[in-house]
Asker: 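Pasting a structure here, questions to come.
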Amino acid sequence: MNKYDFTKIEAKWQKYWEDHNTFRAGTDYSKPKFYALVEFPYPSGQGLHIGHPRPYTAMDIVSRKRRLEGYNVLFPMGWDAFGLPTENFAIKNKIHPAIVTKNNVARFKSQLQSLGMSFDWEREINTTDPDYFHWTQWIFLQMFKKGLAYKKEMAVNWCTSCKVVLANEEVVGGVCERCGGEVIRKVKSQWMLKITEYAQRLLDDLDEVNYLERIKVTQRNWIGRSTGAEVDFTTTAGDTLKIYTTRPDTLFGATYMVISPEHPVIEKWQDRLENMDEIRAYQEKAARKSDFERTEMAKEKTGVCLKGVRGINPVNGKEIPIFISDYVLMSYGTGAIMAVPAHDTRDYEFAKVFDLPIIEVVKGGDVTKEAFTDCATGIMTNSDFLDGLTVEEAKVKIKAWLEETGKGKTKVNYKLRDWVFSRQRYWGEPIPIVKCEKCGYVALPESELPLTLPDVDSYMPTDNGESPLATLDEFIHTTCPQCGGEALRETDTMPQWAGSSWYYLRYCDPKNDKELASKEALNYWMPVDWYNGGMEHTTLHLLYSRFWHKFLYDCDVVNTKEPYMRRTSHGMILGEDGQKMSKSRGNVINPDDVVAQYGADTLRMYEMFVGDFEKTAPWSTSSIKGCKRFLDRVWGLQEILTDGDTYREVVQSKVHKTIQKVSEDIESLKFNTAIAAMMEILNEVYATVEINKAEFRTLLILLNPFAPHITEELYETYCGGILNEQEWPKYDPELCKDDTVEIAVQVNGKVRAKIDIAVGAEKDDVIAQAAADSKIAEILEGKTIRKQIYVPNKLVNFVAN
RNA sequence: GCCGGUGUGUCGGAAUGGCAGACGAGACAGACUCAAAAUCUGUUGUAGGCAACUACGUGUGGGUUCAAGUCCCACCACCGGCACCA
């Protein structure tokens, strides 16, 4: 027998696939389609990480199976190539980021090809390609025209290390998601995208897609819808202060009010306020705090009472004090609250610090000890016309009262904020807007797209918060497309999330220079049938791209409300020590080394076999040998191969069961047990005895999606022809059954014997056979049988004493 | 604090309420070899027993059931996310 020379075999088939364009997505739109998608990588300088092949192999398996099932499959790949690391590398080594990107892409691509991924490379895209970002800019312009992109002076998250503005989603635990640097608040003029306008639809349409439940839950929490009421409190200054509350039922318990330190009403009242110095000092202190510090100091409540203005509770006319405190956020609700210390934990803490009255309005707890926040069991008290009602009844009644009297109204709020869309960086899509003295912000005409990046000598970010582009006079100065007068270009660029928010659409028609993709291609390929990607993108890329898609749906560019039908997620691969792989820990595994030592097929098998696909799993340099041994043994089957066009009767049911198991497990992400099933049939049925051609052929096709090279090679040698042109095997449920089955016989729930019975035997016969077993008869001797449990083809249980 | 998730041999992990530990690794023993590696065969949850076998065993404590890793209640530990959102 010739040796299993995986290096030679893998190179041979990779070349064959490339030469024959084997995995090109067809343009025959009459065939049933299947669109499988994996997140396109950021081509970093480190090359492919050992974690990358896990989701890629999973979707490759599904894609290969679908092709064998007769689908027209789109399984594309591209590069999300704008971004900071490339820019930093370019700065450090004085190489243009475009060159850096080109080199990194070349390396990534050859690495992916060496893994035998069945991507359609004719559809390769790159977000930094002007032909691509032409349409990223175009989408931005449509948003600008519809008022969804707007510029706003506001406090933003500023990473002191990256020297760049971050979206709320990019701030994790008070620090920069990417570099871990300190994030402070900085007031800047920023481009914003009105994702909040789509909050309700982003929430509602989750019901129409098949995402893992935890993904839906995370998105729902992030959107954070709450229903409450806005209530107008008049003040002794003669105006009204609008507050938001989810507990309007507790209005009678409001004993003070709190507004955010940034609330504009302070400026309005400054002549009336007697302690303005104290107020200013507190405002400044709050403004200086980073988000992280604000969280740190969350334990002890601080604040300043406004002397000179008081609020008036609309339900009872009582005057109550107004405080400023940084536990109230300007960016949520109205930036002002009514405080009900008896029934809100934070208000309770604040009231204790400032010794404010606590009035119980919901019975059920002990408000002398802690706030009582349970809505489900409480009964209203001290609340005039609400007394005796449950909390839910009271909410309905008070809302009606507010609407009637015009003192308030029902209001829905979301935690979701608009998307901060500007970055002060060079290596990103230029924002196609100019600022004209006369006309304000003006969109570039679509004919001027793509607006490309100018060549510069220095890409260094600046400390003053300006983009490197701002230093380029020839780039900045331009004319206004509207009035022809002098104008300045926008110098900020788009965030990395821009290019990835619509890339799945471009794959449908990647070379189109008239539109982002043709209607015909979009109508055929969309939506993506199955999208697998990381959990870490749930509130970033996944939410952003759903938003863009819905916008494009409204613009009649796409014909589906949602971009992705099914979303699944893979677990991370950890180092052998169970820690995240990192250079500093020295636990990094390089995929190139694994391919060289074991081959791509073994790497693919192992990444799928390592554990539950959805969970993190530590790498094991010894366990991977098991997968190599399995492939060696498949190779060795040549030795015992015999003729035969049909499965032998003795192995028939095992073959059908294996087809069923592998087919079903692939669909439900249980790749590890699919592989186990193939190992099992090899161990139990084929290994030492014989395998005929029909059986061999079926095994090779089942194994092909997992280990495409070795199976193609064996198929070509022994079955003739190309495996990729064959059909996925079918199983017959009737033939999955055995003639006889071993069942357990229990006495009082404990297994005491095992007997063989004919499948589908009559209940009475089986029980008689079980009772007749010598062991069972001995145990039952002298006992009375109280009950006989019979589970067909599984067990018999005698309950006796 | 809130929301998710997870707890099973030495390790990774399997188990529609129905024989716990499939499959893989590791370990041990044997075969082959001058030897090692590779390969092949066997054993491998714990305790007791020469053995057939017996008892115990899925984070902890209760419960439902003829039968619980699986369902219910309470708790513990770890992981992830959100975190003053009124």
Side-chain angles (χ1 to χ4, degrees), chain A residues 172-174 212-218 220-222 224-226 228-229 243-248 250 254 257-258 260 291 294-295 297-299 301 325-329 331-340 343-347 349-350 373 413-417 535-536 538-539 571-572 576 578 605-606 609-612 614-627 629-630 632-633 636 670 672-680 682-683 687-688 742-754 775 786-800:
Chain A
V172 175
L212 292 180
E213 196 52 32
R214 61 192 165 124
I215 296 175
K216 290 191 184 184
V217 168
T218 305
R220 283 190 192 112
N221 289 345
W222 189 261
R225 184 187 202 268
S226 72
I243 63 103
Y244 175 71
T245 179
T246 56
R247 294 292 305 274
T250 61
M257 300 175 80
V258 187
S260 157
D291 280 3
R294 278 205 182 187
T295 314
M297 299 190 179
K299 284 151 203 149
K301 294 273 181 289
S325 173
D326 63 5
Y327 85 90
V328 173
L329 310 173
S331 50
Y332 183 77
T334 62
I337 63 160
M338 65 168 189
V340 185
H343 305 290
D344 182 281
T345 315
R346 295 147 306 177
D347 297 346
E349 287 166 9
F350 192 88
T373 56
N413 262 326
Y414 303 90
K415 289 188 197 175
L416 186 70
R417 317 265 171 87
M535 272 310 280
E536 71 275 16
T538 304
T539 55
M572 224 190 329
E576 274 199 276
M605 291 288 287
Y606 180 61
F609 189 61
V610 64
D612 184 334
E614 294 185 42
K615 295 197 196 123
T616 56
W619 183 265
S620 165
T621 44
S622 64
S623 282
I624 190 172
K625 289 180 196 155
C627 292
R629 283 179 194 145
F630 171 69
D632 283 338
R633 291 169 49 172
K670 290 158 84 177
N672 52 342
T673 50
I675 292 172
M678 289 185 281
M679 289 173 166
E680 205 177 293
L682 185 78
N683 293 345
T688 52
E742 189 187 66
I743 66 163
V745 183
Q746 299 179 333
V747 178
N748 295 332
K750 290 192 174 168
V751 179
R752 297 298 180 181
K754 289 172 185 182
K775 185 90 196 295
R786 303 278 170 206
K787 205 167 173 183
Q788 296 171 346
I789 312 286
Y790 169 67
V791 183
N793 303 327
K794 283 276 160 60
L795 61 66
V796 173
N797 186 13
F798 294 105
V799 183

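Protein chains get the first letters and strands the later ones, always in sequence-line order, with residue 1 at the start of each. In this text the structure is predicted, and so the values were computed from the model without any measurement.
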Asker: Do A:Lys301 side-chain and B:C84 base share a donor-acceptor contact under 3.5 Å?
Answerer: yes

Asker: Ignoring hydrogens and geometry, is there a side-chain-to-backbone donor-acceptor pair from A:Glu742 to A:Lys754 under 3.5 Å?
Answerer: no

Asker: Within this structure, what is the CE-to-C1' distance between A:Met572 and B:G80, rounded to whole angstrom?
Answerer: 9 Å

Asker: Given Watson-Crick or G-U pairs with both distances under 3.5 Å, what dot-bracket string fits RNA chain B, with | for other-strand pairs and [ ] for crossing?
Answerer: (((((((..(((.....[....)))((((((.......))))))((((....))))..(((((..]....))))))))))))....

Asker: Among B:U16, B:A22, B:C19, which nucleotide sits nearest the side chain of A:Lys794?
Answerer: B:U16

Asker: Suppose you measure atom C1' in B:C82 against the same atom in B:G63; what distance do you get, rounded to whole Å?
Answerer: 34 Å

Asker: Where the side chain of A:Arg629 is concerned, which of B:G26, B:A86, B:C66 is the nearest nucleotide?
Answerer: B:G26

Asker: The side chain of A:Arg214 is closest to which nucleotide in this list: B:A86, B:C23, B:G4?
Answerer: B:G4

Asker: Counting heavy atoms from C-beta on, name the nucleotide in B:C19, B:A25, B:U6 closest to the side chain of A:Ser622.
Answerer: B:A25

Asker: A:Asn221: what forms a side-chain contact (heavy atoms from CB on, under 4.5 Å) with it, not counting sequence neighbours?
Answerer: A:Val217

Asker: Checking one value: the base orientation of B:G9, syn if chi is within 90 degrees of 0, otherwise anti.
Answerer: syn

Asker: Rounding to the closest angstrom, what is the interatomic distance between B:G17 and B:A83 at atom C1'?
Answerer: 39 Å

Asker: Would you say A:Leu329 and A:Ser260 make side-chain contact, with heavy atoms under 4.5 Å?
Answerer: no

Asker: Nearest to the side chain of A:Arg752 - B:A25, B:G18, B:U54?
Answerer: B:U54

Asker: When you compare B:G26 with B:G80, how far apart are their C1' atoms, in angstrom units rounded to a whole number?
Answerer: 30 Å

Asker: What pairs of donor and acceptor atoms, side-chain ones from residues 790-798 of chain A against any protein atom, are under 3.5 angstrom apart with sequence neighbours left out?
Answerer:
residue  : atom : partner  : partner atom : Å
A:Tyr790 : OH   : A:Ala761 : O            : 3.4
A:Asn793 : OD1  : A:Gly760 : N            : 3.4
A:Asn797 : OD1  : A:Asn748 : N            : 3.4
A:Asn797 : OD1  : A:Gly749 : N            : 3.1

Asker: Roughly how many Å is it from CE in A:Met535 to P in B:G81, rounded to a whole number?
Answerer: 10 Å

Asker: Please confirm whether any donor atom in the side chain of A:Lys787 sits under 3.5 Å from an acceptor in the base of B:C66, or the reverse.
Answerer: no

Asker: Rounding to the closest angstrom, what is the interatomic distance between B:A25 and B:G13 at atom P?
Answerer: 16 Å

Asker: If the C1' atom of B:U64 is compared with that of B:U70, how far apart are they to the nearest Å?
Answerer: 14 Å

Asker: Quick check: does any side chain N or O of A:Tyr606 sit under 3.5 Å from a backbone N or O of A:Ser620, one acting as donor and the other as acceptor?
Answerer: yes

Asker: For B:G59 and B:U6, measure between their C1' atoms and round to the nearest Å.
Answerer: 11 Å

Asker: Out of B:A15, B:A86, B:A67, which has the shortest distance to the side chain of A:Ile337?
Answerer: B:A86

